[in-house]
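Lettering of chains follows the sequences in order, A, B, ..., and the numbering in each one begins at 1.
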Amino acid sequence: MINGSRGIPFGITHPIVGRISLSPIETPTRDSILLLEDVFSPKTINPDLAGVIVRNRSKVAISGPVAGRPTLFLSDLRLQLEMHDIVAIHTDGTLETLFRPNSRDNSLFVTDNCNCNCLMCSQPPKTCNDIQYRFAINEKLVPLIPAQTETLGITGGEPTLLGPLLSKLLSAVKGYLPNTEIQVLTNARAFSSTDAVKQIRNVEHRKVIFGIPLNSDHSSLHDYITQSSNSFAQTVTGIHNLTRYDQRIEIRVILQRPVVRRLRKLAEFIFRNMPFVEHVAFMGLEPTGNAAVHWGDICVDPSSYETELREAVELLSISGIPVSIFNLPNCVLSSDLWPFCKQSISDWKRIYDDSCSRCKVFSRCGGFFESARTIGRLKAEPVS
Amino acid sequence: MSYYLLPFRFQRLNEKEEVLVNEVGDFLICSAGTAGMVVRREIDSTDPIYADLLANFFVSEKPIPDLIDVLATRYRTKKSFLDSFTCLHIFVMTLRCNHGCIYCQVGRRTPEDAGYDMSLENLSRSIAMMFMSPSKNLTVEFQGGEPLLVLDKIKEAVETISAANKAYSKNVTYVLCTNLSLLSEEALEFCMQYGIIISTSLDGPEYVHNANRHILGINSYESVIRGIATCRERLGNDRVSALMTTSEFSLGFPIQIVDEYLRQGFSSIFIRALNPFGLARRRDGKKSYSVDQFLHFYKTALLYILQLNLQGTHFVEEYARIVLSKVLTPFASGFTDLQSPNGVVNSVVAYNYDGNVYASDEARMLAEEGDYTFRLGHVQRNSYAEIFYGPKARDIAEFWANESLPGCSECGFQTYCGADPVRNYATQGSAAGRRPSNAFCKKNREIIRFLLELMSNSNDIERVFRTWLNPSWLREQPVCQ
């Protein structure tokens, strides 16, 4: 399962954002992108169509757009596209899946830039001038998202690098999707400035939660992980400022070797210094991106930190802070921790081992990261 | 690289260990001598303890730590009980009582004595004064003597308060402190109607309880057990609580007293010493006991309770819970005796039957002995400002914060303890008190040390303590949150 592809563009002069429509199942609208399963010219085509995607199964040579509409010819047949998926077609022929109604894990991607370079980052940052471009894409995307969508993420890179555009985006989301729960993934460093927080507060979005990674209870270890000095101080200050202005917070702790010995102390730090957080998630490592590069330094077998994890989870849970464990299959943890495990790996990158079908708790297990297969970490032990 | 020191104090726990405690209650138990090493800059950044010192705000890598605003927020949180000012209002409705408890300090009168009930004029002025408190939450506690001797006045009080509250929309909680021997259908229905909480006294099994609490012609123990059962049935389990007082006779029966509370279906016990104690004889000549005797009793009971918890029975010792809330959570404690500034005036005030207003229960008891040092004023003759902010209140203010008391200002347990100027005065003749021989100090210092040592030796015990600090208890803290 992949999220993007590349084809040959014809007549695409600016990025197109549209909803996939499968002829002849539904009447395409102005926001639709017709998906044709092979090269042919349909008898009638709506002249207002945003664009056409053609799967070139017959592998014929192509010479121009279909019915004069902006067209993308796709030879790559791996990309799955379903009706009402929302995609972007860029002028260079790149095709990107932006939103899938059948997925619970959709996000607005706002930038590849970041002000950190975390050791475990699964989506390593790139320095590039993409903020305005991506904002324009998202401005077109948000109105097309179904209003009954339950959850939507805002992620990057680092969303706060958008500056005032972030509150603008949140306003648009609030307007079009007032009932959708929004989670912004951010390091909150920019929120050490209260002006930045006030802008967010002024949107008065009632359903936003900020998911913020915290690696440790002191700066040298946290900053080592983020590879950025002052990030600990700024993140903790940002967390306090967000709360000062009535924003909701989830703390995310990625379980990696340098931090696991101090998990319990981190839990205590969180309870003493930010008892107002709504949720704490302990997250298994995703072995991709920077994490794959630094695997030797950060990889750690869950069995070796189970005691520390249990103590941390217990401390927070007894103290009244909701806790979850993400991204770890049930078989690597003892059963007393299973109540905290959530099925958190995004559906498009979640896999199971063949032996998992025999497992007693298969139905509620969150599975493995697909990247675990590549790096040789897929070790399932079915529970009997 | 050298580090900078943040404000902290330290205290020896035992031969091997000491504890560092900072301004907001973060603590670090470490081997004896560590505080000295920290101060002399002998800790290296590669030392395992260095990270703990940073994380818990004992040292900083800059002269002003980056997270100083977090520290400020934590400090404000610890003192947040001050935000709402007086929230516990004690109404001493009558001095008449039908019991003769050996440790009574109320200055009680017999049920037949006249002239010791609160007049309606004083009641209405007291209520008016109560509503001038800025606190959103008010707890009205009816005490005596025995308040059920004046049920009519109680009803009048509740109805008046309830009506007046329409203008203020405060959250009012009613507590009735009663020995339950005069519980009537009328009283029960009234309590049901207004959600009144019953606070009664159960000193232990029958032979302990009746030895302490005498009432002519009636078995006090049987009467209170019956009363508890009736109140639970009619008002609900969560509407009935019991307190015990430790007499000299009680000292011999710590385990039996805990067992009695278990047997009666309570999930906690508040082990309270005599008030005051530490003197061979009290001012009224009655026998008392030493701090060491009380501590021995307390620890025996507490260890027994811990054993029960470790075996799966959830049962809490309330005094420990209050201290632990200051040690293990960032929140303020609602318990007036262990607050700094002390709860007198700041959290609690007592309106006596005769219209006099006292800083606390104990201040009123001093007045019964003829000492009016802590009488703040009179509801008919003084205004709210004169009573709550007047010269008497200001005099007490000199001594109500342990941050500035001799012996307390450098104490490692300062953040976990409090100040008690009224008790200091009552037992030692000065509101500042003399720390070396001060019973309040000795008791608290040893209890705090004991609790820290227990946690240091056992993760399981620390876990039990944390389960005592569950969020619903923290939220319910009676007074000023």
* Structure fact -> Counting heavy-atom pairs under 4.5 Å with chain A, the top scorer among B:Val24, B:Leu469, B:Asp52 is B:Asp52

* To do: With a 4.5 Å heavy-atom cut-off (strictly below), which parts of residues 270-277 of chain A touch chain B? List them by number.
  => A:Phe271, A:Arg272, A:Asn273, A:Pro275

* **Among the listed options A:Ile239, A:Leu221, A:Thr237, A:Leu315, the residue most often paired with chain B at heavy-atom distances under 4.5 Å** => A:Leu315

* **Greatest number of heavy atom pairs closer than 4.5 Å to chain B - which of A:Lys265, A:Glu311, A:Glu314** => A:Glu314

Above 12 or not: heavy atoms from other molecules or residues under 6.0 Å from [atom1] of [X]?
X: A:Arg252; atom1: CZ; value: yes
X: B:Arg12; atom1: CZ; value: no
X: B:Phe58; atom1: CZ; value: yes

* Asked: To the nearest 0.5 Å, how far apart are OG in A:Ser220 and CG in B:Leu54?
  -> 6.5 Å

* Structure fact -> Here the gap from A:Ser219 atom OG to B:Lys62 atom NZ, rounded to the nearest 0.5 Å, amounts to 8.0 Å

* Asked: For chain A, which residues from residues 63-79 of chain B have at least one heavy atom closer than 4.5 Å to it?
  -> B:Asp66, B:Leu67, B:Val70, B:Thr73, B:Arg74, B:Arg76

* Asked: Is there any residue in residues 449-462 of chain B with a non-hydrogen atom under 4.5 Å from a non-hydrogen atom of chain A, and which ones are they?
  -> B:Asn459, B:Glu462

* A:Arg261 portion near chain B, given a 4.5 angstrom heavy-atom threshold -> neither

* Just grab all the salt bridge (charged side-chain N to carboxylate O under 4.0 Å, His left out) pairs involving residues 186-202 of chain A, residues at least two apart or on different chains. => none

